[in-house]
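Written below as structure tokens is the structure these notes are about.
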Amino acid sequence: MKNVYIPDIVTISEIREETPDIKTFKLIFKDKEVQRNFNYKPGQFIELSVFGYGEAPFSISSSPNQQNFFEITVKRVGDVTNALFKLNEGNAVGVRGPFGNGFPTHKFEDKNILFIGGGIGLAPLRSLINFVLSNREKYGELTLMYGARTPKDIVFKKEIETWKKHVDVHLTVDVGDETWKGTVGVVTVLFKEIEVDPKNTVAVMCGPPIMMHFVTKELLKLGFPEDQIFLSLERLMKCGIGICGHCNIGRKYVCKHGPVFTYKETKDFLETAI
Ligand SMILES: Cc1cc2nc3c(=O)[nH]c(=O)nc-3n(C[C@H](O)[C@H](O)[C@H](O)COP(=O)(O)OP(=O)(O)OC[C@H]3O[C@@H](n4cnc5c(N)ncnc54)[C@H](O)[C@@H]3O)c2cc1C
Ligand code: FES
């Protein structure tokens, strides 16, 4: 039996700069058989090792429809991410996974979807949005509310433009600059710009805990049922597979039972969860 702690080797086949401190890495398993069998759902994550530096969890940002490679989008914050940013195309890293539950896309069918992202939190939502767009007929109206710190910090800029054909996109930045003609303010200011019917809409969000806290409050005020609000959570992780106990919220492990939870499941742990 395979040792779950031993990563498979992947090659970095492309690196794209999204913002001054965020890059997207296109990854391909060295072993073609492993690549063929690497099936994942939007919202799942991998544990990535930069050899000699350590391992950290990252959401898969590509859509499962891409079968010959997968992508992660990473913000440089500490040891592993700084080491990753020093690597070049052609270098190798280790990958374990995919882990976690991912978004329950079957529950979103026939419904409108309101995607809400903040900063690097758009990474798992990008996977979901592209998955939904490639199965467009199964879903209702699509709306995206996304906020970044400044215009320079907006990720997936070109792709967001292409989404606009099918998705009602609303962007905001905390601090504008001379190039920015759009909305300024935190993500919740965008609620004024959109119209949603809470009875037939699911809200799916990922972003900083403070953003998810205020967005959830607003969604509840609008009348969204607690089990129609989906949050992708982050916790400090080690094993990624429900063994070490590092990532618990209440009795659940974010790595194994999450990272996607409904508000109904997490509300008793509100202080720690959002
Ligand atoms: C399920 C999941 C999915 C993730 N997806 C992404 C992604 O798509 N892109 C991305 O850039 N990052 C993502 N992260 C966050 C990423 O794993 C951390 O930023 C990781 O710690 C980076 O490793 P590092 O060694 O560079 O930083 P470290 O040296 O470990 O940490 C840098 C700083 O961040 C703090 N920190 C680390 N992890 C967390 C955390 N989970 N919550 C709060 N504070 C933390 C540390 O305490 C430290 O202050 C995800 C995390 C989880 C749990
Ligand atoms: S990271 Fe070990 S239990 Fe979740």
TODO: Indicate the atoms forming the closest heavy-atom contact of Gly90 with Thr11, along with that distance.
DONE: O-CG2, 3.7 Å

TODO: For Val196 and Leu222, work out which heavy atoms get closest and say how close.
DONE: CG2-CD1, 4.4 Å

Task: Value rounded to 0.5 Å, distance of CG in Asn112 from CD in Gln228 - done: 11.5 Å

Open item on the list: When you compare the side chain of Phe85 with that of Phe25, does any pair of heavy atoms fall below 4.5 Å?
Closed with: yes

TODO: Would you give the length of the straight line joining atom CE of Met212 to atom OG1 of Thr266, rounded to the nearest 0.5 angstrom?
DONE: 8.5 Å

TODO: Mind telling me whether His257 and Tyr253 have parallel, tilted or perpendicular rings, with 30° and 60° as the class edges?
DONE: parallel

TODO: Step through the shown structure and confirm whether more than 12 heavy atoms of other residues, nucleotides or ligands are within 6.0 Å of CG on Asn68.
DONE: no

Open item on the list: What I want to find out is whether Lys164 reaches Glu161 closely enough, with some N-O distance under 4.0 Å, to be called a salt bridge.
Closed with: yes

Task: same_hphob_cluster(Phe70, Ile22) at 4.5 Å side-chain heavy-atom cutoff - done: no

Open item on the list: The test is side chain to side chain donor-acceptor pair (under 3.5 Å); show your working for Glu18 and Thr73 and say whether it passes.
Closed with: CA-CA 8 Å; Glu18 302 285 351; Thr73 301; 4.9 Å; no

Open item on the list: Taking Asp153 first and then Lys75, would you say they form a salt bridge - that is, a charged N and a carboxylate O separated by under 4.0 Å?
Closed with: no

Task: Ile116-Leu128 co-clustered via ILVMFWY side chain contacts under 4.5 Å - done: no

Open item on the list: With rounding to the nearest 0.5 angstrom, report the CG to CZ distance, Leu122 to Phe156.
Closed with: 5.5 Å

Open item on the list: Less than 4.5 Å apart, side chain to side chain, heavy atoms only: is that true for Val173 and Ile154?
Closed with: yes

TODO: May I have the step-by-step check of side chain to side chain donor-acceptor pair (under 3.5 Å) for Gln66 and Asn130, ending in yes or no?
DONE: CA-CA 10 Å; Gln66 312 284 359; Asn130 285 330; over 6 Å; no

- [ ] Check whether more than 12 heavy atoms from other residues, nucleotides or ligands sit under 6.0 Å from atom CG of Asp110, and answer yes or no.
- [x] no

Open item on the list: Rounded at 0.5 Å granularity, tell me how far OG1 in Thr201 sits from CD in Glu141.
Closed with: 8.0 Å

Open item on the list: For Glu71, run the salt bridge (Lys or Arg N to Asp or Glu O under 4.0 Å) check against Lys23, Lys26, Arg16 and tell me which one passes.
Closed with: Arg16

TODO: Just say parallel, tilted or perpendicular for the rings of Phe108 and Phe230, cut-offs at 30° and 60°.
DONE: perpendicular

